[in-house]
Engineer: 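This is the structure, below, for whatever I ask next.
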4 protein chains.
Amino acid sequence: MAGRPRSEVARKAILRAALDLCARDGYQNVTMKGIAEAAGSGRQTVYRWWQTKAQVLLESLTGIMAEDLPPTPDSGDPRADLVAFLEQTFTLARGVAGQIVVGLMADAQSDAALAAELREKIIGPRRDALRAVLARGALPPDVDLELAVDVVFGVMWYRLLNRHAEVNVDLAEEIAGLLGRIR
Amino acid sequence: MAGRPRSEVARKAILRAALDLCARDGYQNVTMKGIAEAAGSGRQTVYRWWQTKAQVLLESLTGIMAEDLPPTPDSGDPRADLVAFLEQTFTLARGVAGQIVVGLMADAQSDAALAAELREKIIGPRRDALRAVLARGALPPDVDLELAVDVVFGVMWYRLLNRHAEVNVDLAEEIAGLLGRIR
Amino acid sequence: MAGRPRSEVARKAILRAALDLCARDGYQNVTMKGIAEAAGSGRQTVYRWWQTKAQVLLESLTGIMAEDLPPTPDSGDPRADLVAFLEQTFTLARGVAGQIVVGLMADAQSDAALAAELREKIIGPRRDALRAVLARGALPPDVDLELAVDVVFGVMWYRLLNRHAEVNVDLAEEIAGLLGRIR
Amino acid sequence: MAGRPRSEVARKAILRAALDLCARDGYQNVTMKGIAEAAGSGRQTVYRWWQTKAQVLLESLTGIMAEDLPPTPDSGDPRADLVAFLEQTFTLARGVAGQIVVGLMADAQSDAALAAELREKIIGPRRDALRAVLARGALPPDVDLELAVDVVFGVMWYRLLNRHAEVNVDLAEEIAGLLGRIR
DNA sequence: TGTTAAACGAGACGGTACGTCCCGTCTTCTA
DNA sequence: TAGAAGACGGGACGTACCGTCTCGTTTAACA
């Protein structure tokens, strides 16, 4: 037989609450108990659908990224496309999404399953997208694209984590400039 | 009056235990209670000298780095020096030290004081060292050294965190190669 | 409209399951959820017809007692009748029925409605029956029958609960003997 | 080494809180969480010294009984001694102590260890005391004292549980009267 | 050379989040 | 409309670790 269907209201309230708490208290200080209370749901309802706060926030993050990261149109100017792509990415990274993805990455250090899921759902697709933009001609054809992707996202991650410098439009231009000097 | 002086034996046992637990269980699963028990010391003895497990492990890490990171001698070949420096750095990063520094960085996301201390004692000095090695001539003189440092350590951090690729000698060579193509 | 009639199959399955679970796990460990699952019925079906597990088991118990407690025939020997009545009662009390009635009594301590229902449907009728048997001449006519009933069932309850001694034929004889010595 | 000694303050607060909650909400509705909160102590502090609420309340009850049940002096009149003993016992049984002992007995039905402890610490000693009082001459010497004890306490328990009649001085007199008629 | 005060181990303290279980209610589909 | 299924909000369970506290026991500098 059928049984009561999953409540879409509860699902959204939980994802929303997780997001809000993360913005207010920081990823590390979010708890499953806190999420359930903020969402006005029972604890079991959260655990029924997600095993950890990381999984809740991963789904929240997936939602944000689906909304706020439209594909970069091909303008014909490879460098302009790269800058546009980076601007878009960096804007998102400076907000809650950045906080979440950094927190997820931290948790993933001691949770192999989460690490795999994070690579598959978040990191991998963004790498694919960047690779495609770089392949439009921003680099000499014999440069290893994987390394180039590592360089670009590496700088972003390093600054997001260490906060020794901003992750903004200037950085996008600087990166594009540096890559443009590669012969 | 004087009072009993701090026990050097306890101090070393605690730093050692923290390191061992981190190697065995991973940074996130280390607890102050566990450190004290593994060190055969009282809980209060740990709290008396360090406020958090992050501070204990930061001191452990400082010790490791002082031992295992001698300055890179100037061989006259800028690229070879860079590769040597990176090899040394990457070797350390693949071990417990990498696990610790990643964990500390994760905690630093929600602890500004730790973040500052981490930048000052670990990240900053390594940036200085890399900047000095790069300044030996591995790059055109008008390339922004700060950005270059970000690129190099960015790739390392990104791979350490995301584990989509190794952080080894090959990477050192590839990075040196890429930087060498900048005109 | 008429609507679907109550399922006699479900009703019996639930009463049966409650009994079985009580025999297997003990009264205290029986749950409404467990009863529904064991009966292969929905939880709501149980709650629709009974409010608590106590009510389910009260009905189960009523069924057992209606089956297993035929009236004691008047043999002409008051003492023999008393012993026969007690044997019958004690046999039932040593089985699941005893476990249930003890559990119900325990729950009734914090549930006045259950207490009333228990007195009305179980305890009261048995008191009536015992009073009638005693009135056949086992006691001097000026002995307070209510107190005599309390004595007989009191001993039974006390032993059922505290288990410091058996509730068996010997006890029936001993009680009859003691009452017989009252002048 | 030594370690911080157990807090007598916390111990008493917990026993007191358990007692108060039992008086206010009834035995069944007392919870370990509630006890800890009412005592202003941590949950772990309760669990460190008692495994279940039954054990907490058993200790509370032991305390009450030690205070409120002085030995019955031998007046030379066996029947008067019995009545005095029962009055004292019944008075206690009508209060919180009665509620607790009934609740404990209920729990003991599904907890053999508790049952044994209850018999050893509460039921047994009271049986011993009653037996001693009865042995002063309230009964013919060939009456089985164990059965007599069962009769007296049986009536009390039966009425405490079923509440079909009071457990008061009148009952004490009636019981003494009935036992006095045994030849 | 004995005094003394701080550091030491041990471990109990009040708290809080964990993940699980059951409660009694509700919302769906099926018969 | 009853029934099977099962999700819902709620709350107690027993555990782990938090950071603090209070013991008795060292231990080295000072008197």
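Residue numbers start from 1 in every chain, and the chains themselves are labelled A, B, ... in the order their sequence lines are given, proteins ahead of strands.
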Engineer: Please tell me which of the listed nucleotides, dC23(E), dC8(E), dT20(E), lies nearest to the side chain of T45(B)?
Structural biologist: dC8(E)

Engineer: On DNA chain F, nearest-nucleotide positions of R48(A) versus P5(D): which is more 5'?
Structural biologist: R48(A)

Engineer: Between E8(D) (CD) and dC13(E) (P), how many Å, whole number?
Structural biologist: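 Going from CD in E8(D) over to P in dC13(E) covers 10 Å.
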
Engineer: Atom CE of M32(D) and atom P of dT20(E): how far apart are they, to the nearest Å?
Structural biologist: 22 Å

Engineer: Return no unless some side-chain N or O of W49(C) is found under 4.0 Å from OP1 or OP2 of dG3(F).
Structural biologist: yes

Engineer: For DNA chain F, whose closest nucleotide is more 5', that of I14(C) or that of V46(A)?
Structural biologist: I14(C)

Engineer: Between S7(D) and T52(C), name the one whose nearest nucleotide on DNA chain E is closer to the 5' end.
Structural biologist: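 Looking at the nearest nucleotide for each, S7(D) comes out on the 5' side.
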
Engineer: Looking at every heavy atom in both V56(D) and M32(D), which two are closest together, and how far apart are they?
Structural biologist: CG2-SD, 4.4 Å

Engineer: Keeping the roles fixed (side chain from Q99(C), backbone from G95(C)), state whether a donor-acceptor pair exists under 3.5 Å.
Structural biologist: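 The answer is no, because no donor-acceptor pair under 3.5 Å joins these two groups.
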
Engineer: Between V30(C) and Q51(A), name the one whose nearest nucleotide on DNA chain E is closer to the 5' end.
Structural biologist: Q51(A)

Engineer: Strictly distance-based, threshold 3.5 Å: is any side-chain N or O of D111(D) a donor or acceptor partner for the main-chain N or O of D107(D)?
Structural biologist: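 Pair absent, no side-chain N/O of D111(D) close to backbone of D107(D).
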
Engineer: Would you mind reading off the distance between E37(C) atom CD and dA5(F) atom P, rounded to a whole angstrom?
Structural biologist: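 Going from E37(C) (CD) to dA5(F) (P), I get 10 Å.
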
Engineer: For the CZ atom on R11(B), are there more than 12 heavy atoms of other groups (residues, nucleotides or ligands in this structure) within a distance under 6.0 Å?
Structural biologist: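 Counting other residues, nucleotides and ligands, CZ of R11(B) exceeds 12 neighbours.
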
Engineer: What integer distance in Å separates Q28(C):CD from dC23(E):C1'?
Structural biologist: 17 Å

Engineer: With respect to the phosphate group of dG19(E), does any side-chain polar atom (N or O) of W50(A) fall under 4.0 Å of OP1 or OP2?
Structural biologist: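 No.
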
Engineer: Is there a donor and acceptor pair closer than 3.5 Å between the side chain of R4(D) and the base of dC21(F)?
Structural biologist: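 Side chain to base: pair found, below 3.5 Å.
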
Engineer: Output the rounded distance in Å from OH (Y47(B)) to C1' (dG11(E)).
Structural biologist: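 So the OH-C1' distance, Y47(B) to dG11(E), works out to 14 Å.
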
Engineer: Taking only N and O in the side chain of R43(C), is any of them less than 4.0 Å away from OP1 or OP2 of dG6(F)?
Structural biologist: no

Engineer: In whole Å, what is the span from the CD1 atom of I35(B) to the P atom of dG19(F)?
Structural biologist: 11 Å

Engineer: Flag the pair R24(D) and D20(D) as a salt bridge only when some basic side-chain nitrogen lies within less than 4.0 angstrom of an acidic carboxylate oxygen.
Structural biologist: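 So R24(D) does not pair with D20(D) through a salt bridge.
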
Engineer: May I ask you to say what G40(A) touches in the nucleic acid, namely base, sugar-phosphate or nothing, with a heavy-atom cut-off under 4.0 Å?
Structural biologist: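 Sugar-phosphate only.
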
Engineer: Rounded to the nearest angstrom, tell me the gap between atom CZ in R11(B) and atom C1' in dG9(E).
Structural biologist: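 To the nearest whole Å, that distance equals 20 Å.
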
Engineer: Can you tell me whether the side chain of Q44(C) and the base of dC26(E) have a donor-acceptor pair closer than 3.5 Å?
Structural biologist: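 Result: at least one qualifying N/O pair found.
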
Engineer: Using OP1 and OP2 only, check whether a side-chain N or O of T31(D) sits under 4.0 Å from dA12(F).
Structural biologist: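 So the side-chain polar atoms of T31(D) never come under 4.0 Å of the phosphate oxygens OP1 or OP2 of dA12(F).
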
Engineer: Whole-Å distance between dT16(E) P and K33(D) NZ?
Structural biologist: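 So the NZ-P distance, K33(D) to dT16(E), works out to 11 Å.
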
